[in-house]
Amino acid sequence: MQATVTWQQDQQYDAESHSGHHVTMDGEAAHRAGASPMEFVLMALCSCTSVDVVSILRKKREPLTSLKVSAVAEQAQEAPRVFTHIKLTYHLNAGVSAKAAEDAVALSKNKYCSVSKMLEKTAAIEYAITYGEPA
């Protein structure tokens with residue numbers, strides 16, 4: 001796997017994945033041109049666990065029609081400002097079995113999600129699951 005980041009101007013950067021996808025990152029405090037690198041880390045965590053949970057619930061033949069994963073993180077006060085605590089909230093549609101959802105989220109966190117496994121080296125990661133249509 002490879003990635004490249006090219007400085008554009010000011011604090012704006014173009015990141016390119018090995019598969020050729022581009023995103024704009026912004027190192028300024030306001031993040032007007034794009035997300036910050038640490039925001040991308042949180043988005044990667046939400047994406048990684050979402051892929052796992054959807055795959056697991058589909059294999060269990062659960063009636064999954066919606067999933068939204070949100071993250072709230074705390075960072076260390078001093079550099080390096082690593083994440084120290086992350087709370088993930090999984091919003092699933094009401095038809096999914098609570099047991100199946102708990103199992104899927106736990107499997108993602110404890111076994112499958114590579115991003116989660118990396119982040120838990122510095123951050124306590126907890127989660128909650130809600131049911132009903134995501135807001």
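Judged by distance alone, with hydrogens and angles left aside, the side-chain atoms of Asn93 form no donor-acceptor pair with the main-chain N or O of Leu67 at under 3.5 Å. Distance alone, capped at 3.5 Å, is enough to place a donor-acceptor pair between the Ser50 side chain and the Cys46 backbone. Side chain of Asp26 to backbone of Glu28: a donor-acceptor contact under 3.5 angstrom is found. A donor-acceptor distance shorter than 3.5 angstrom exists from the side chain of Glu62 to the backbone of Ser97, with no hydrogens or angles considered.
Closest heavy-atom contact between Gly27 and Tyr13: N-CE1, 4.4 Å. For the pair Ala71 and Leu88, the tightest heavy-atom approach, listed with the atom from each and the gap, is CB-CD2, 3.7 Å. Shown here for Tyr131 and Ala98, the closest heavy-atom pair between the two residues is OH-CA, 3.2 Å.
Met25 and Val115 fall into different hydrophobic clusters, where Ile, Leu, Val, Met, Phe, Trp and Tyr residues are linked whenever their side-chain heavy atoms come under 4.5 Å apart, directly or through other members. In terms of hydrophobic clustering, with Ile, Leu, Val, Met, Phe, Trp and Tyr side chains grouped at heavy-atom distances under 4.5 Å, Phe40 and Val5 are assigned to a common cluster. Cluster annotation: Met43 is connected to Val23 through the hydrophobic network of ILVMFWY side chains, with a link wherever side-chain heavy atoms come within less than 4.5 Å.
Ser55 and Tyr112 form no side-chain donor-acceptor contact under 3.5 Å, judged by distance and modelled atom types alone. Using modelled atom types and a 3.5 Å distance limit, the side chains of Asp14 and His22 yield a donor-acceptor pair.
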Next on the checklist: His91 vs Ser66, test: side chain to side chain contact (heavy atoms under 4.5 Å, CB included). Steps then yes/no.
Outcome noted: CA-CA 8 Å; His91 309 275; Ser66 64; over 6 Å; no
Item to check | Asp103 and Lys60: CA distance, side-chain angles, deciding distance, side chain to side chain contact (heavy atoms under 4.5 Å, CB included) verdict | outcome: CA-CA 10 Å; Asp103 290 348; Lys60 290 177 178 266; 3.9 Å; yes
Item to check | side chain to side chain contact (heavy atoms under 4.5 Å, CB included) between Arg58 and Val54, intermediate numbers included | outcome: CA-CA 6 Å; Arg58 283 186 173 163; Val54 167; 3.8 Å; yes
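The line from NE2 of His31 to CD of Glu39 is 4.5 Å long, rounded to the nearest 0.5 Å. Between atom CD1 of residue Ile125 and atom OG of residue Ser116 there is a gap of 3.5 Å, rounded to the nearest 0.5 Å. To the nearest 0.5 Å, atoms CD (Gln2) and CD (Glu16) are separated by 10.0 Å. For the atom pair CE of Met118 and SG of Cys48, the computed distance is 8.0 Å after rounding to the nearest 0.5 Å. With values rounded to the nearest 0.5 angstrom, Lys111 atom NZ is found 15.0 Å from Lys109 atom NZ.
The side-chain heavy atoms of Glu102 and Ile129, taken from C-beta on, include a pair separated by under 4.5 Å. The shortest distance between side-chain heavy atoms of Val53 and Leu64 does not fall below 4.5 Å. Proximity of Tyr90 to Thr130: side-chain heavy atoms (C-beta onward) are nowhere separated by under 4.5 Å.
When each of Leu92, Thr49, Leu45 is checked for a side-chain contact (heavy atoms from CB on, under 4.5 Å) with Val69, only Thr49 meets the rule.
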Please tabulate, one pair per line, all N/O donor-acceptor pairs under 3.5 Å involving side-chain atoms of residues 72-83, not counting sequence neighbours.
| from | atom 1 | to | atom 2 | distance (Å) |
| --- | --- | --- | --- | --- |
| Gln75 | NE2 | Arg81 | O | 2.7 |
| Arg81 | NE | Ala76 | O | 2.7 |

